[in-house]
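Remarks on the structure that follows.
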Amino acid sequence: LAECPDAEDPPPPLFAEDLVACFDRITRPGAVLALSVCRTPQGTLVITRLGETGLVEERNRYLNAHVDEQILIGDEIIGVSGARGDAESMRVAMQAAKNWVLTVRRSDRFEVTLVRQKDQQVGLKVACHDAGVRVISIVPGSLAARHNEAQHPDEGNRFAPGHEIVAVNGVRTEPRRIFDALKAAAGDVHIVVRIRIARRREC
């Protein structure tokens with residue numbers, strides 16, 4: 001992806017694992033980020049949807065093999081082009097900035113590929129809501145349950161109630177589409193899971 005021309009150096013992230021992503025608005029007039037957000041009392045913006053044709057999803061496709069570098073549903077925007085710590089000022093910056101420099105706090109996540117044979121059950125009971133697809137329970141004897149049994153108890157890549165599924169076989173833009181992709185998946189099923197941290201949100 002092209003570097004943003006004439007953009008000021010972005011402020012340093014608050015934590016080393018925070019991601020700074022620059023999106024060119026000057027040389028691509030009409031381009032949009034194409035994402036939906038909710039405010040949190042902490043002054044951040046939680047991503048609830050990604051547009052198929054926006055710059056954020058374009059970046060995700062470019063980084064398709066590097067899920068840890070993608071911006072996904074559930075991640076928090078903590079800065080926009082110099083604005084930080086206040087949700088309203090970040091919203092204004094999204095409208096007014098010459099280029100978008102997003103500082104994103106990515107949620108803890110892990111990836112699982114379940115090798116599915118004919119008639120095998122993935123075994124994740126989930127609920128689709130406005131801001132994600134939440135794991136309700138794991139069906140005993142299913143692929144998901146067998147995956148959990150094969151993992152060390154101290155490892156963080158075990159399915160658990162409350163986790164959020166943020167991508168299935170590359171589908172990641174809207175909760176309903178993720179839900180449908182999980183139901184329709186055949187063959188190998190690649191799932192990206194967010195370890196959910198409860199936060200109050202105002203949509």
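- A salt bridge links Arg28 with Glu58: at least one charged nitrogen is closer than 4.0 Å to a carboxylate oxygen.
- Nearest heavy-atom pair across Leu50 and Arg172 is CD1-O, 4.0 Å.
- Residue Val67 is not grouped with residue Phe110 when hydrophobic side chains (ILVMFWY) are merged at heavy-atom distances under 4.5 angstrom, including chains of intermediate members.
- The minimum heavy-atom distance between Pro175 and Ile73, with the atom names listed, is CD-CD1, 4.0 Å.
- You'll find the side chain of Phe23 stays beyond 4.5 Å of the side chain of Asn99, heavy atoms only.
- Contact of the Arg116 side chain with the Asp188 side chain is not registered, since no non-hydrogen atoms from C-beta on lie closer than 4.5 Å.
- Asn148 places no side-chain N or O within donor-acceptor distance of the main-chain N or O of Arg158, the cut-off being under 3.5 Å.
- Salt bridge annotation for Glu76-Arg106: absent, with no cationic side-chain nitrogen under 4.0 angstrom from a carboxylate oxygen.
- Scored by the salt bridge (Lys or Arg N to Asp or Glu O under 4.0 Å) test, Arg109 finds Asp75 as partners (sequence neighbours excluded).
- Here the closest heavy-atom approach between residue Val37 and residue Thr48 is recorded as N-OG1, 3.9 Å.
- Under the 4.5 Å side-chain criterion, counting only non-hydrogen atoms from C-beta, Leu35 is not in contact with Arg49.
- At a threshold of 4.5 Å between non-hydrogen side-chain atoms, the residues Val122 and Leu114 count as touching.
- Between Leu102 and Val20 there is no side-chain heavy-atom pair separated by less than 4.5 Å.
- Of all non-hydrogen atoms in Cys22 and Val101, the two that sit nearest each other are SG-CG2, 4.2 Å.
- In this structure, a donor-acceptor pair under 3.5 Å is absent between the side chains of Gln42 and Thr44.
- Ring to ring, Phe179 and His129 are not that close: their centroids are 6.0 angstrom or more apart.
- Side-chain contact, Glu57 with Asn60: a donor N or O sits under 3.5 Å from an acceptor N or O.
- One N or O on the side chain of Gln120 and one on the backbone of Gln117 form a donor-acceptor pair closer than 3.5 Å.
- Checking Ile191, Val192, Asn157, Val193 one by one against Glu111, the side-chain contact (heavy atoms from CB on, under 4.5 Å) holds for a single residue, Val192.
- A donor-acceptor contact shorter than 3.5 Å links the side chain of Gln70 to the backbone of Leu63.
- Between the Trp100 side chain and the Met94 main chain, a donor and an acceptor come within less than 3.5 Å of each other.
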(message) Between Lys125 and Ile138, does the side chain to side chain contact (heavy atoms under 4.5 Å, CB included) criterion hold? Intermediate values first, please.
(response) CA-CA 6 Å; Lys125 290 188 176 181; Ile138 294 90; over 6 Å; no

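- Although no hydrogens or angles enter the test, the distance criterion places no donor-acceptor pair under 3.5 Å between the side chain of Arg39 and the main chain of Leu45.
- Using modelled atom types, one side-chain atom of Arg25 and one backbone atom of Ala97 make a donor-acceptor pair closer than 3.5 Å.
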